[in-house]
Amino acid sequence: MWKQILSKLPNKKSSKNEHHHRGSHSSSSSSSHASTSKSNDNGVKKQPIHSQTKHERSTSSDVKNPKSSNNNGVFTPYEALPSFKDVPNTEKQTLFIKKLNLCRVVFDFTDPTKNIKEKEIKRQTLLELVDYVNSANGKFSEGSVQEVVRMVSANIFRTLNPQPRENKVIDALDLEEEEPSMDLAWPHLQLVYELFLRFVASPETDTKLAKRYIDQSFVLRLLDLFDSEDPRERDCLKTILHRIYGKFMVHRPFIRKSINNIFYRFVFETEKHNGIAEFLEILGSIINGFALPLKEEHKVFLVRVLIPLHKPKCLQMYHQQLSYCITQFVEKDCKLADTVIRGLLKYWPVTNSSKEVMFLNELEEVLEATQPPEFQRCMVPLFRQIARCLNSLHFQVAERALFLWNNNHIENLIMQSRKVILPIIFPALERNAQKHWNQAVHSLTLNVRKIFQDLDPELFKECLAKFKEDESKEGETKAKREATWKRLEEVGMRKG
Amino acid sequence: MAMVDEPLYPIALLIDELKNDDIQLRLNSIRRLSTIARALGEERTRKELIPFLSENSDDDDEVLLAMAEELGVFIPFVGGVEHAHVLLSPLESLCTVEETSVREKAVDSLCKIGAEMKESDLVDSFVPLVKRLAAGEWFAARVSACGLFHVAYQGCSDVLKTELRSSYSQLCQDDMPMVRRAAASNLGKFATTVESSFLSTEIMAMFEHLTKDEQDSVRLLAVEGCAALGKLLEPQDCVARILPVIVNFSQDKSWRVRYMVANQLYELCEAVGPDCTKTDLVPAYVRLLRDNEAEVRIAAAGKVTKFCQLLNPELAIQHILPCVKELSSDSSQHVRSALASVIMGMAPILGKDSTIEHLLPIFLSLLKDEFPDVRLNIISKLDQVNQVIGIDLLSQSLLPAIVELAEDRHWRVRLAIIEYVPLLASQLGIGFFDDKLGALCMQWMQDKVYSIREAAANNLKRLAEEFGSEWAMQHIVPQVLEMVNNPHYLHRMMALRAISLMAPVMGSEITCSKFLPVVVEAAKDRVPNIKFNVAKLLQSLIPIVDQSVVDKTIRQCLVDLSEDPDVDVRYFANQALRSIDAGAVAQS
């Protein structure tokens, strides 16, 4: 089962990925060439290099700033090593390790004029390494595996630049709408990720050996990186994590558990994370591969993780992926439809109309896969909610709810249970027909009303009579309720 | 008495209301739980209402939140403290729901109730509840449990206490970071109830475990624990066990943890005492001030003054001041802004000479900062430096800074500087003010943003208070009176606003001789808005001027306005007339 999915998915992914890489790669190389040639004339000052022992890249761009000098490592000459084709086969592995060591040095990209030559050397070296890993024949030795992981760790595990707190800034109003922030070090990072992806995917990488270095703590730090603001980085991470999940069977439960912890924190504590969509995309393909009947553990995951993910305000950032995961579950096991629909109802937005439209979209997809028994179990609360949507003053919400009747499967479900559903939504339809401000909503409502009227004129008449009766009694009911409470208070006073 | 004969009535009502589709109605009925309980009486509340609520934890989170809150004050309705235990069951199920705010409220309410319960009841019902939650299958229960231990622990037998401690220790090592975070943030509270013999052994072991957690989100909560535990431990224990943790945290690989140390610095210093602060925390603090991460420097910069208060001036000058100099030209404006908001406070600590030698250049460079926030923060604390060195040394740089801010293109910046004008005026003195700032104050009266004009009018009043009415007569009143003739009706309106604010300060005589004629003239304006503002203004002048003036001038003017074609003008004129009559009645 698993092999099937993995053989299907990565192909699609890697082709997309390669395309992506090639595109941005060519642009980055041309730009860096341009800058090298320019600066060569000026005779660049050699500046100390940050050694790899340093925890974090300096974020300050100010050269005068003592903070950048604080962390300067020992200066070592940074020079290109011979290329792989210039050494005999027997020395290739030693050269591989040497090149990896060279690439462990991390450069400061906040100042584009710094270390231009060294940066180019590292870029070239990384390109050679990617090639080497790609064309390797013969298993990687333990030493090589260790060095690859060390080099990758030194480059990618860094402090993600926190978003400066712009809300305090007066200029915030003038700033452009949330541009995703791009990591300046991307020209190197991209190649490191590329190399690592090739390495993980390579048939020459022995899983038993590699899991000693690609261990739980490595995976955990990799997961932390998903919070990166750079969408390109998250895309690489997604592909890599998916490969690791596929290849390292031992890590699978741990990866799922750790992603869940990130989700819990996101839903119940912070509501801030940049990588939710990417995680869900990976999970989507994992869910796709679940065997039937579904394990209890996976159902728990649906109820306790996926459904609560509907709660955060920023649902829009990952709704598409979430909705895919949810419908996968319902399609696999239609008995879950009732649970899912009740879950949606629990988190149904109260004031956020655009979120409400997303819910309605998802609801339609779920209902599409829902069978009459499950439908009947949840239709009463469901149509109470839909009645509210029908009356929404936001025309898109009302319109979206009315579109449910355009779906044949859903219309059939509704019509089979019209005796229950029509009385619930009748007042909403009637109110829309009387006075909804939006023309489209108005006419769509009339259509839906007509469907019921044509199919079951008897029932329609009953509902209309009941509606009129209730309407005339509305004031009375309210007065009665208030009187009851008042009397209750009096009783309490007397007792107290 | 007839009501009591209907036995199930109140509960039935509640059940009915809670079934209603309208969440507002459900919320209302939960908010009136106490009414229902009172009507039921104590016994039936215990036997019918509370069991019903225990089973009704499937509502919207908003309703559950209200329920959790109501139950926290429910002891009187169930028959007092001896019956408090019946409330535990509904709250226990609320402790296990998904929604964080509901759980937190339920824990709050349980703590409130537990604090009132008798020891034997605690042991019989509260402790088992905590144990159940701590062993809960789902993280929500375990997270809630962490917040209850400190209430449960007191009054337990030794055996139970041992059990509770080991249970807490397990929560500190829970599989889920959510639970460990809850354990970390509640550890300080729990520690206050634990005997000192276990404090330095078991509690410290839990704490040390948390400080080494792989998740930075757990470690950063342990930072707060440093201060809390430090206060409980013997001083030498604190130095031996807490200090190394703080020093380690200040070099943590996660910036969030370092940020937390910077943020909590003062509390941490308090915990370890002045001697260790000087020897061990100064280097740690200096590192934080020079941290790679701007967020950490922001937090650290904001504590400069508070930290220096703990040191002697020599240490501050030797170690902290060099960092402050660097921060004043930091690449992040937020760092400079944080520094600017506290740095003035260092002047009294360093004394006059050092301030002039070391701080003044920094003040001056921050006053010229390219970001308005930074400049504003310096100006807002001007009084502190004035006390030490006098304003003269600053005034040359001050004026350009103020003028620039006064004309900043962001109205919020202009608003902020207006608010500091009275402070500046009092610090700079009349002479300086007249020359440089007077014109600005009138200029703001015609700003294109309403909030600025409004603030400007208010500012004129505060200036009149500061410098006295004689000064105001010379420097403000003529310009304001002239504005009443401005061709733009909004400016005329602002002049009236200024008059209404200044009249009480200027007193009856000036109001009658200077303001009133102008106001009466304005009643003939062609714009209705001006006219009804005149009516409102006249009403506000009534208590200031003599009754004779009211009768002679104001009433007549209002009578004219009350016959105006515009309905609003008539309305406000009549309202003012009524208040004259009411005043007359009260006097007679």
Side-chain angles (χ1 to χ4, degrees), chain A residues 54-62 64-68 70-71 110 157 159 161-162 164-166 168-171 173-174 216-217 220 224 257-258 260-262 264-265 267-270 304 307-308 311 346-347 350 381 384 387-388 424 481 484-485 487-496, chain B residues 1 3-4 9-10 13 17 21 23 25 28-29 32 34-41 60-62 98-100 138-140 143 175-178 181 214-217 251 253-256 259 290-295 297-298 323 326 329-334 337 371-373 408 410 412-413:
Chain A
K54 158 178 165 315
H55 287 307
E56 282 157 13
R57 201 178 301 268
S58 164
T59 51
S60 104
S61 55
D62 196 347
K64 289 175 297 181
N65 202 320
K67 274 168 294 293
S68 49
N70 224 14
N71 270 308
T110 49
F157 296 145
T159 311
N161 280 339
R165 286 175 290 171
E166 293 300 345
K168 267 176 71 187
V169 197
I170 286 148
D171 272 314
L173 286 173
D174 304 336
Q216 291 198 348
S217 116
L220 220 44
D224 280 343
K257 194 182 83 184
S258 306
N260 287 354
N261 283 338
I262 292 172
Y264 292 140
R265 178 146 205 246
V267 172
F268 297 109
E269 290 180 1
T270 62
R304 290 196 162 157
I307 291 179
K311 189 181 112 163
K346 179 168 159 58
Y347 293 106
V350 180
R384 279 201 189 135
R388 276 194 288 270
I424 298 175
R481 169 173 293 121
T484 319
W485 277 107
R487 265 158 60 204
L488 207 58
E489 256 159 51
E490 284 163 13
V491 174
M493 295 297 254
R494 236 176 294 147
K495 285 202 175 175
Chain B
M1 272 333 259
M3 219 53 69
V4 188
Y9 186 60
L13 172 74
E17 295 274 85
D21 186 30
I23 183 170
L25 284 177
N28 285 345
S29 47
R32 287 154 128 174
S34 55
T35 307
I36 294 177
R38 240 188 246 120
L40 277 173
D60 269 357
D61 291 330
E62 231 176 311
E98 251 163 20
E99 174 55 42
T100 321
W138 183 227
F139 79 84
V143 167
D175 195 32
M176 290 185 75
M178 304 274 290
R181 280 195 287 276
E214 64 191 357
Q215 299 265 335
D216 62 354
S217 58
Q251 302 171 71
K253 64 179 187 292
S254 158
W255 69 268
R256 288 184 180 82
Y259 168 85
R290 290 182 166 149
D291 199 277
N292 268 334
E293 211 49 66
E295 293 282 338
R297 297 200 303 279
I298 293 171
C323 302
E326 288 160 27
S329 56
D330 195 279
S331 59
S332 156
Q333 51 160 316
H334 303 291
S337 175
F371 284 92
D373 260 17
D408 196 278
H410 297 286
R412 285 175 205 279
V413 176

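Per chain, numbering begins at 1; letters A, B, ... match sequence-line order.
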Exercise for the section: Flag the pair B:E98 and A:K311 as a salt bridge only when some basic side-chain nitrogen lies within less than 4.0 angstrom of an acidic carboxylate oxygen. Expected result: no
Problem - Region of B:D216 in contact with chain A, defined by heavy-atom distances below 4.5 Å - result: neither
Handout entry: Shortest non-hydrogen contact between B:T100 and A:F268, atoms and distance
Key = OG1-O, 3.0 Å
Fill in the blank from the handout: Counting heavy-atom pairs under 4.5 angstrom with chain A, the leader among B:A140, B:S332, B:A37, B:S29 is B:S29
Practice task
Apply the test side chain to side chain contact (heavy atoms under 4.5 Å, CB included) to residues A:N261 and B:M176: give CA-CA distance (whole Å), side-chain angles for both, the deciding distance (0.1 Å), then the verdict.
Solution key: CA-CA 7 Å; A:N261 283 338; B:M176 290 185 75; 3.5 Å; yes
Problem - Heavy-atom donor-acceptor pair, B:R297 side chain to B:R290 backbone, under 3.5 Å - result: no
Handout entry: Among B:E99, B:R32, B:E214, residue most engaged with chain A (heavy-atom pairs, under 4.5 Å)
Key = B:R32
Handout entry: chain B contacts, top residue of A:R304, A:R384, A:K257 (heavy-atom pairs, under 4.5 Å)
Key = A:R304
Fill in the blank from the handout: Counting heavy-atom pairs under 4.5 angstrom with chain A, the leader among B:N28, B:V143, B:I23, B:D175 is B:D175
Handout entry: Distance in Å, A:R487 CZ paired with A:E490 CD, rounded so as to fall on 0.5 Å steps
Key = 8.5 Å
Exercise for the section: Side chain from CB out, backbone as N, CA, C, O: work out which of these in A:R481 comes under 4.5 Å of a heavy atom of chain B, or both, or neither. Expected result: side chain
